[in-house]
There are 4 protein chains.
Amino acid sequence: MQIGIVGLGRMGGGIAKRLMEHGHKTVVYDQAEKAVADIVSAGAKGSSSLQDMVSKLDKPRAVWVMLPAGKITEDTIETLSGLLEQGDTIIDGGNTFYKDDMRRAKTLEPKGIHYVDVGTSGGVWGLERGFCMMIGGPKQQVDRLDPIFEALAPGVGTITRTTGRDGEPTRPEKGYIHAGPAGAGHFVKMVHNGIEYGIMAAYAEGFDVLKTKNGDHLPEDQRFELNMPDIAEVWRRGSVISSWLLDLAADALYENHDLTEYTGKVADSGEGQWTIDAAMEEAVPAYVLSAALFARYRSRSDNTFGDKLLSAMRHGFGGHVEMPQ
Amino acid sequence: MQIGIVGLGRMGGGIAKRLMEHGHKTVVYDQAEKAVADIVSAGAKGSSSLQDMVSKLDKPRAVWVMLPAGKITEDTIETLSGLLEQGDTIIDGGNTFYKDDMRRAKTLEPKGIHYVDVGTSGGVWGLERGFCMMIGGPKQQVDRLDPIFEALAPGVGTITRTTGRDGEPTRPEKGYIHAGPAGAGHFVKMVHNGIEYGIMAAYAEGFDVLKTKNGDHLPEDQRFELNMPDIAEVWRRGSVISSWLLDLAADALYENHDLTEYTGKVADSGEGQWTIDAAMEEAVPAYVLSAALFARYRSRSDNTFGDKLLSAMRHGFGGHVEMPQ
Amino acid sequence: MQIGIVGLGRMGGGIAKRLMEHGHKTVVYDQAEKAVADIVSAGAKGSSSLQDMVSKLDKPRAVWVMLPAGKITEDTIETLSGLLEQGDTIIDGGNTFYKDDMRRAKTLEPKGIHYVDVGTSGGVWGLERGFCMMIGGPKQQVDRLDPIFEALAPGVGTITRTTGRDGEPTRPEKGYIHAGPAGAGHFVKMVHNGIEYGIMAAYAEGFDVLKTKNGDHLPEDQRFELNMPDIAEVWRRGSVISSWLLDLAADALYENHDLTEYTGKVADSGEGQWTIDAAMEEAVPAYVLSAALFARYRSRSDNTFGDKLLSAMRHGFGGHVEMPQ
Amino acid sequence: MQIGIVGLGRMGGGIAKRLMEHGHKTVVYDQAEKAVADIVSAGAKGSSSLQDMVSKLDKPRAVWVMLPAGKITEDTIETLSGLLEQGDTIIDGGNTFYKDDMRRAKTLEPKGIHYVDVGTSGGVWGLERGFCMMIGGPKQQVDRLDPIFEALAPGVGTITRTTGRDGEPTRPEKGYIHAGPAGAGHFVKMVHNGIEYGIMAAYAEGFDVLKTKNGDHLPEDQRFELNMPDIAEVWRRGSVISSWLLDLAADALYENHDLTEYTGKVADSGEGQWTIDAAMEEAVPAYVLSAALFARYRSRSDNTFGDKLLSAMRHGFGGHVEMPQ
């Protein structure tokens with residue numbers, strides 16, 4: 001089928017190409033003319049503006065917006081809502097906050113424009129492996145767009161089938177789900193990222209315990225000389241904690257045992273924070289997911305004001321002098 | 001080669017069988033005669049006591065002790081140390097605390113008896129998939145026993161090779177490592193389990209956020225109807241958080257969406273606690289790994305005395321009445 | 001001076017009485033006629049509606065709204081904004097979210113109506129001890145209302161003076177501060193409550209460690225028979241952790257050593273959650289404050305879905321059976 | 001009564017002086033002759049060795065050891081155990097691990113030498129305010145030494161009496177308790193310090209949220225200009241979170257609003273770690289107390305290996321570049 005794609009960065013461009021490889025037609029737009037030209041040379045129909053793109057799409061139209069979450073996505077969807085007509089569908093494939101999806105769906109409803117949100121996981125590997133997709137929106141539209149989603153998804157692959165599942169593979173077994181109404185897709189993707197932070201932190205803390213065990217600040221008879229890349233490697237095979245994130249850790253540790261090329265100042269996108277917000281709204285304890293998020297904050301600052309206050313109080317009651325630098 | 005095996009439970013029995021399938025010879029012993037008979041019928045040479053087993057082994061002997069960590073392992077090794085001779089090797093394959101390994105190796109050294117500790121991961125799946133092994137002990141003995149370890153390990157398998165690794169696969173690529181001197185094997189295994197707790201808790205908290213989002217305690221317009229098994233399933237394919245533990249979660253959730261057959265009182269073996277001990281000895285922050293451990297403690301108790309004290313203090317300053325039951 | 005008071009519950013009624021004891025005049029209103037009659041009998045001028053109350057106040061008027069945060073406060077301020085005139089001031093003394101204060105101040109500004117937010121601490125003890133107040137709003141209005149705040153505040157009292165402070169006691173030494181523009185008062189109060197949760201959780205966990213040390217699930221030679229009320233009592237005298245919350249704990253523990261009258265299901269008002277929100281907006285790690293909040297959530301649920309998933313995964317890889325009930 | 005004191009540092013010297021002020025007699029010893037001379041000039045009988053000190057004490061003797069926990073205390077008690085006789089008592093007033101107390105008491109028992117452990121809180125302020133003491137050991141000896149403990153304790157003071165307590169003040173109301181057998185004193189003191197870490201961390205995180213709210217990394221309309229010392233000051237009066245630690249924070253913040261004289265590298269003595277150990281032995285969740293301890297570890301390191309691994313994994317799946325420095 002045919003689809004419009006707005007935003008031809010690494011993700012948007014990859015989606016366009018993967019769709020065309022699977023026989024779909026794309027009409028593409030990006031503020032950067034060069035980005036458009038690149039995808040056109042791969043077989044897409046280019047356009048010079050949102051208006052131009054919309055005019056080149058067959059009704060009922062479907063436009064996939066693949067832009068950084070926030071103002072630019074908001075503005076683009078606002079503009080599109082003025083250009084599209086009843087029966088058309090806007091798909092937001094960015095990292096949008098699920099409550100923004102819910103709001104937008106409600107705003108577009110009176111105009112008869114459908115809204116579908118798609119959370120995607122897979123990072124830069126998605127182009128090659130396929131995108132794992134969590135989709136929210138009205139069932140009818142998600143079903144209509146199914147060929148698009150199926151083409152983008154990783155497919156069944158070689159993964160062992162879950163015990164008890166049989167018959168024709170369902171969507172989740174092909175790597176995408178219709179999670180619920182507008183917002184549900186990004187909600188599931190948000191929690192996915194929250195979990196991702198937690199898993200990454202578990203590995204990080206564990207490797208910290210291993211690495212520090214080699215350290216010369218410990219008494220000599222309590223030290224080991226553990227080999228980080230080999231430990232990551234062995235755990236990839238048959239251990240309970242094998243995972244794709246561990247595969248990536250093994251790659252990085254093999255390349256540089258000490259990871260000296262990294263400063264360890266770790267960014268966070270919004271999803272980790274939103275997951276904690278959701279947990280609090282639901283009164284669900286999220287000790288691990290929040291600690292994982294806070295460790296990223298902490299990694300980005302030098303000693304905090306709070307730490308100084310601890311030192312000051314210790315000085316107050318005990319006359320304690322601080323640790324030597 | 002030939003090896004003695006003490007303890008023929010699920011793990012020990014599995015090890016004996018796997019070794020024999022790979023052409024090794026075993027002399028086996030267990031307090032339960034029936035367990036011995038079972039393995040003998042699979043080709044092992046049986047024995048009626050530790051002394052009998054030792055007498056049937058060729059020198060230099062190697063005895064693999066596969067018993068529950070603690071007193072029974074300690075006693076068995078004590079007895080073996082009186083039966084074995086210079087040049088023989090004791091292998092502890094249980095979940096022993098690494099400092100106990102270090103102590104034992106030191107105790108056995110004057111007698112010329114070698115001590116090798118092997119941490120194994122893979123759970124009940126190890127027999128089928130092979131055991132991921134982390135080994136501590138003197139290099140010479142670990143090298144001598146290499147055929148045993150190679151037979152037990154999962155082997156290279158079909159896993160994508162780590163970027164940069166080439167040539168003949170090394171031990172870690174075959175699923176086992178020599179981590180360092182006595183204790184190093186169980187130390188690495190201990191941290192492995194600490195990480196395991198953290199990863200499991202990350203999934204648990206995340207699925208809790210998802211599941212509770214369906215709950216009727218939320219305002220209706222803030223609820224979804226998310227499908228737990230389908231979400232686990234879709235994340236298995238191409239998502240950043242795919243892992244073996246997620247595969248297991250997908251199995252369990254598919255079997256029973258609500259997991260009603262579980263009470264959620266979660267046990268912990270010693271390794272989680274020991275990992276926190278090690279972190280504290282090294283002054284490594286372990287927010288996530290400790291929170292994962294504490295969640296298991298908490299799961300096993302009803303309301304704590306601490307919770308009651310919170311209620312009491314709230315009553316004290318605010319006249320607050322407790323939540324309705 | 002004269003002030004209108006809306007909401008004559010325990011807090012509002014206490015404020016009215018304390019103000020009158022200090023020579024101020026009050027015009028009071030509450031939906032419950034009986035509540036009005038009670039305060040009128042203590043010297044206040046009663047009123048039968050917001051409109052009636054406003055009509056009885058001298059210009060520039062000041063109306064203190066002391067209602068539960070949320071819809072009723074919002075509606076009351078909305079109504080008052082239609083009744084009041086340029087130069088008048090609305091004071092919100094409830095537990096309002098500081099961003100609502102900021103929004104309201106902005107909304108009222110074009111009408112020339114001033115908005116002052118007052119966070120109060122002291123619980124039910126405030127009437128007797130005076131209210132610790134954190135105030136946000138325009139300096140001119142806060143200064144105009146100073147006699148009101150001074151009357152409500154605890155005053156200098158017998159507390160040892162902070163090192164270095166001398167001369168006439170300033171507002172903070174009398175128990176109230178002008179923290180900043182609208183919202184700043186409730187922001188400081190919000191963080192106050194966040195800290196309160198953390199301190200309470202520290203005592204709760206500590207007493208849990210003490211109490212459990214008496215427990216018969218421990219080996220006999222590792223048990224003590226610690227006396228909870230005596231420990232709380234001794235810490236009140238000269239220890240580093242003496243505090244008002246400890247005083248309250250000592251009261252409760254003396255009354256009932258085992259706190260058997262409490263179930264330990266601990267409620268939370270919004271401030272704990274908002275503090276974590278603020279921390280996340282500022283990227284400040286809040287491990288302790290969030291854990292304290294989550295412990296309250298956890299206290300209110302039986303075993304979580306997450307706990308069950310942990311059990312299910314353990315069963316999956318290890319064939320582990322759950323803990324006995 | 002008469003008592004021997006070993007170790008005349010700030011704490012030991014203070015104890016000697018306070019005892020003499022209350023009419024007790026002391027025989028003192030310290031490796032530093034000058035320290036001995038100072039206390040002698042305040043009225044003590046000096047001694048030149050442990051042996052000399054023991055010879056100058058009346059039977060049954062009591063010797064208070066006030067040395068840094070660890071080897072020097074261990075050695076001193078070892079030596080004393082050879083010099084003292086049946087019926088004598090050794091008091092360890094240092095920060096000893098309670099299991100060491102339990103072991104020592106068992107070792108000394110066959111010789112008829114009694115062992116009493118005293119945990120003290122109050123820091124450098126104890127000399128002036130009196131020492132809050134938690135005492136373990138045999139009831140008979142603790143009773144015999146009661147005049148010593150009463151002299152050292154803060155006494156009833158001006159603190160409001162706990163509701164329900166009446167009649168003659170008991171020991172806890174005078175600032176000391178007999179907590180149980182040997183080790184119980186230091187156990188209670190250990191948990192006291194664990195709680196102390198938690199409370200301090202709660203204030204630290206809260207003030208961090210306040211201080212960061214002033215920061216110019218926030219959008220201008222979301223910033224306040226909060227005054228740290230005034231906030232600490234106002235909370236001292238009538239707020240729920242007033243405490244002695246807050247008093248100390250107020251002192252420090254008034255002296256230097258930005259605490260610029262502190263680096264914020266925060267040391268920890270053993271008690272915080274031991275409290276977590278005890279919690280784990282008892283399976284008590286200690287989220288807050290552990291997080292408080294870990295924050296101190298974290299304050300002492302620059303970016304951790306774990307942080308770098310997080311960056312490396314993010315790079316692996318997303319091609320993410322690290323945060324700018």
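Note that this is a predicted model, so its numbers are computed, not measured. Note on naming: letters A, B, ... go to the chains in the order of the sequence lines (proteins, then strands), and numbering restarts at 1 for each one.
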Q: For A/E74, is there an ion pair with A/K71 - N to carboxylate O distance below 4.0 angstrom?
A: no

Q: Taking every non-hydrogen pair under 4.5 Å, which of D/D307, D/T260, D/N256 racks up the most with chain A?
A: D/D307

Q: Using a cut-off of under 4.5 Å for heavy-atom pairs, which of A/A249, A/A291, A/A295 has the most such pairs with chain D?
A: A/A249

Q: What distance separates D/L245 CG from D/S243 OG, expressed to the nearest 0.5 Å?
A: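 Going from CG on D/L245 over to OG on D/S243, the span is 5.0 Å.
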
Q: Taking atom CZ of D/R314 and atom CG of A/D268, what is their separation to the nearest 0.5 Å?
A: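 Between D/R314 CZ and A/D268 CG, I get 8.0 Å after rounding to 0.5 Å.
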
Q: Chain D: which of A/L248, A/L259, A/L253 shares the most heavy-atom pairs with it under 4.5 Å?
A: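 Ranked by contacts with chain D, first place is A/L259.
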
Q: Salt-bridged, D/K308 to A/D258, with N to O below 4.0 Å?
A: no

Q: Which label fits D/W244 and A/F317: parallel for a plane angle under 30°, tilted from 30 to 60°, or perpendicular past 60°?
A: tilted

Q: Give me the contact list for residues 195-210 of chain A versus chain D, heavy atoms only, anything under 4.5 Å, ordered by residue number.
A: A/E196, A/M200, A/A201, A/Y203, A/A204, A/F207, A/D208

Q: Quick check: are there more than 12 heavy atoms from other residues, nucleotides or ligands sitting under 6.0 Å from CG of A/D221?
A: yes

Q: Scan side-chain atoms only and decide if A/H192 and A/S121 contain a donor-acceptor pair under the 3.5 Å cut-off.
A: yes

